[in-house]
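See below for the structure under consideration.
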Amino acid sequence: MAGTQRTFTVMVALLLATLANGHSDTTSVHLTKDNFQTEVDGANYFVMFYAPWCDYCKKLAPTWASLAEARNGDADGVVKIGRVDCTTDGDLCTQHDITGYPMLKLFRKGGSGGDGGTKYRGGRDLAQFNAFLDEQLATAAGEGAKEGADSSQEDGGLPDAPPTPVSPLTELTEDTFAKHVSSGKHFVKFYAPWCGHCTKLAPTWEELARSLEHERDIRVSKIDCTQYRPICTDFEVKGYPTLLWIEDGKKIEKYTGPRTHADLKQYVSRMAGGLKEEQEAGGQQQGDKKKEEGTLEGGAEREDNRSVVVQLSEGDFAHAIAKGVTVVKFYAPWCGHCMRLAPTWEQLAEKLAARDDVKIAKVDCTVDANKELCGEQEVNGYPTVFLYREGEKVTEYFGHRSLDDLHEFVMQHLQDQGGSHDEL
């Protein structure tokens with residue numbers, strides 16, 4: 001009798017969770033601790049980790065169901081769409097480091113189920129979801145288009161006419177490799193789609209390419225060794241990922257250092273003899289220093305036009321975020337995207353300056369004293385924006401970086417203060 005009552009209670013809880021989510025999602029695959037590993041071992045999976053009471057999850061639910069209907073309904077599809085309810089499978093969510101709802105991760109077939117997957121950081125609409133999946137799973141999508149169900153080439157080939165890339169990262173083939181690397185400086189990732197370490201590196205490699213997009217003489221690219229094995233053999237690639245520095249068609253050096261964005265960027269700078277961004281940043285820093293000192297070049301005093309953005313460091317970070325809402329931009333001075341965000345970040349701080357319940361702040365992760373802080377906060381690329389409430393990290397900002405979008409994001413969380421939280 002007691003067992004029957006427990007079963008009934010669980011069924012009621014699941015029904016309430018479905019109703020709380022605002023819809024009955026029968027299109028995405030319901031993953032649990034019992035079937036998760038088996039599923040991700042057998043297929044590529046794009047998974048939403050959520051909580052039924054989370055407002056952001058409820059807003060995303062119809063879009064996620066539409067994505068699942070399109071992707072899961074395709075017999076030759078290269079990826080399945082799934083969902084994990086963290087209120088009923090908390091251990092599974094803890095295992096995959098879920099720190100807020102909803103969190104979206106891509107797990108590659110047989111490779112990523114045990115090592116965390118690739119975290120999705122883009123906008124939450126169908127177009128951007130599909131662009132992300134098509135780019136990340138380009139080789140598998142190509143296999144579906146070219147070879148159908150040919151199991152002898154399970155990881156697929158590139159499509160004949162790939163879509164225009166959404167980033168400066170170049171995907172090379174046997175037809176383009178030799179010409180591409182024949183002149184100039186190149187940092188090339190040799191990889192395999194099934195390789196877990198390659199999947200882990202993928203978002204960092206993407207960010208590296210973006211941060212170097214204005215360096216005319218340096219190109220960041222990648223090549224799939226499961227499709228173009230002879231090229232990889234010629235360059236003595238014996239493991240994945242292998243990162244090679246190539247100049248004018250010749251292998252110069254194999255990179256064996258840490259694979260953080262900062263370390264990779266520093267390596268490129270050393271091999272290239274310096275970067276244009278660093279020179280510009282150096283001049284910018286000198287100009288900023290003069291402004292902070294409040295002096296003109298001739299020594300005359302200048303009006304105090306100091307930034308309203310709060311500059312934080314390891315020493316004062318915990319105290320600064322302890323009360324109210326604090327939105328922090330983690331950045332590097334040489335990062336092009338950070339430079340472009342800087343004036344908008346100032347405008348956001350000015351727009352919210354009259355409020356005493358929110359602070360707009362920034363942390364320079366290149367300062368030695370701050371490197372441990374940035375590591376503890378899980379900063380994996382620049383710029384990274386985190387929102388904290390009463391000393392606790394609530395969520396990471398993934399949206400567009402316009403003033404209106406950033407302001408709406410902050411105001412939403414200010415309105416949520418005192419109510420039920422949508423994040424862990």
Side-chain angles (χ1 to χ4, degrees), residues 121 123 207 210-211 213-214 261-262 265 275-297 300-367 369-370 373-374 377 379 381-389 393-415 417:
R121 299 175 180 273
E207 178 64 19
R210 289 184 182 279
S211 68
E213 61 183 321
H214 298 299
H261 179 261
K265 186 71 175 284
L275 301 176
K276 181 178 68 174
E277 284 184 355
E278 292 173 340
Q279 297 169 358
E280 293 175 350
Q284 180 70 34
Q285 287 175 341
Q286 289 182 0
D288 289 344
K289 185 176 180 180
K290 288 182 179 180
K291 289 180 181 179
E292 290 175 1
E293 292 172 349
T295 61
L296 295 170
E297 290 183 357
E301 292 189 1
R302 180 195 299 272
E303 292 185 8
D304 189 355
N305 291 321
R306 291 191 179 187
S307 168
V308 291
V309 175
V310 182
Q311 183 80 53
L312 300 180
S313 64
E314 172 77 32
D316 58 11
F317 184 82
H319 177 74
I321 68 170
K323 294 183 179 180
V325 169
T326 308
V327 190
V328 184
K329 174 186 71 172
F330 295 85
Y331 72 100
W334 44 255
C335 160
H337 294 286
C338 303
M339 294 179 191
R340 285 191 282 276
L341 177 59
T344 305
W345 202 247
E346 289 288 344
Q347 292 169 1
L348 179 65
E350 291 170 359
K351 194 168 185 176
L352 295 168
R355 299 187 63 120
D356 58 7
D357 56 348
V358 61
K359 292 185 292 293
I360 305 301
K362 61 183 179 181
V363 173
D364 182 351
C365 290
T366 66
V367 175
N370 295 338
L373 169 64
C374 295
Q377 297 303 313
V379 176
Y382 307 124
T384 292
V385 174
F386 288 137
L387 184 142
Y388 300 83
R389 182 187 289 116
K393 184 194 294 183
V394 175
T395 188
E396 180 175 355
Y397 179 69
F398 300 103
H400 297 291
R401 294 170 183 165
S402 69
L403 177 59
D404 289 343
D405 288 319
L406 286 164
H407 184 259
E408 181 181 358
F409 165 73
V410 175
M411 294 306 297
Q412 177 65 50
H413 282 274
L414 288 174
Q415 292 166 8
Q417 282 197 101

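Hydrogens, waters and symmetry mates play no part in the numbers below; they use all other heavy atoms, side chains included.
When all heavy atoms are compared, the tightest approach of R401 to T344 is O-CG2, 3.7 Å. Residues M339 and P333 come closest through the heavy atom pair CE-O, 3.0 Å. Considering every non-hydrogen atom in both Y382 and E207, the closest pair reads O-OE2, 2.6 Å. When all heavy atoms are compared, the tightest approach of L352 to M411 is CD2-SD, 4.0 Å.
Checked by atom type and distance alone, the side chain of N370 pairs as donor or acceptor with a backbone atom of E314 at under 3.5 Å. For K329 (side chain) and P383 (main-chain N/O), no donor-acceptor pair under 3.5 Å exists by modelled atom type. Counting only distance, with no hydrogens or angles, the side chain of W345 and the backbone of A361 share a donor-acceptor pair below 3.5 Å. Using a distance-only test at 3.5 Å, with no hydrogens or angles considered, no donor-acceptor pair links the side chain of K359 to the main chain of V310. At least one donor-acceptor pair closer than 3.5 Å links the side chain of R389 to the backbone N or O of H413.
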Would F317 and V328 count as a side-chain contact (heavy atoms from CB on, under 4.5 Å) if you check the C-alpha gap in whole Å, the side-chain angles of each, and the deciding distance to 0.1 Å?
CA-CA 10 Å; F317 184 82; V328 184; 4.2 Å; yes
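Atom CD of Q377 and atom CD of E396 lie 11.5 Å apart (nearest 0.5 Å). In this structure, CG in L312 is found 11.5 Å from CG in D364, a value given to the nearest 0.5 Å. Once rounded to the nearest 0.5 Å, the distance linking CD1 of I360 with CG of L348 reads 4.0 Å. Note that the CG atom of D356 and the NZ atom of K323 stand 11.5 Å from one another [nearest 0.5 Å]. Expressed to the nearest 0.5 Å, how far CG of L341 lies from CD of E346 amounts to 10.0 Å.
Side-chain contact between F409 and L387: present, with at least one pair of heavy atoms (C-beta onward) separated by less than 4.5 Å. The closest side-chain heavy-atom distance from E213 to H337 is below 4.5 Å.
The number of heavy atoms from other shown groups lying within 6.0 Å of CD (E408) does not exceed 12.
The aromatic rings of F330 and F386 sit perpendicular to each other, their planes meeting at more than 60°, with 30° as the lower class boundary.
Scanning for side-chain contact (heavy atoms from CB on, under 4.5 Å) contacts around D404 gives K351, S402, with sequence neighbours left out.
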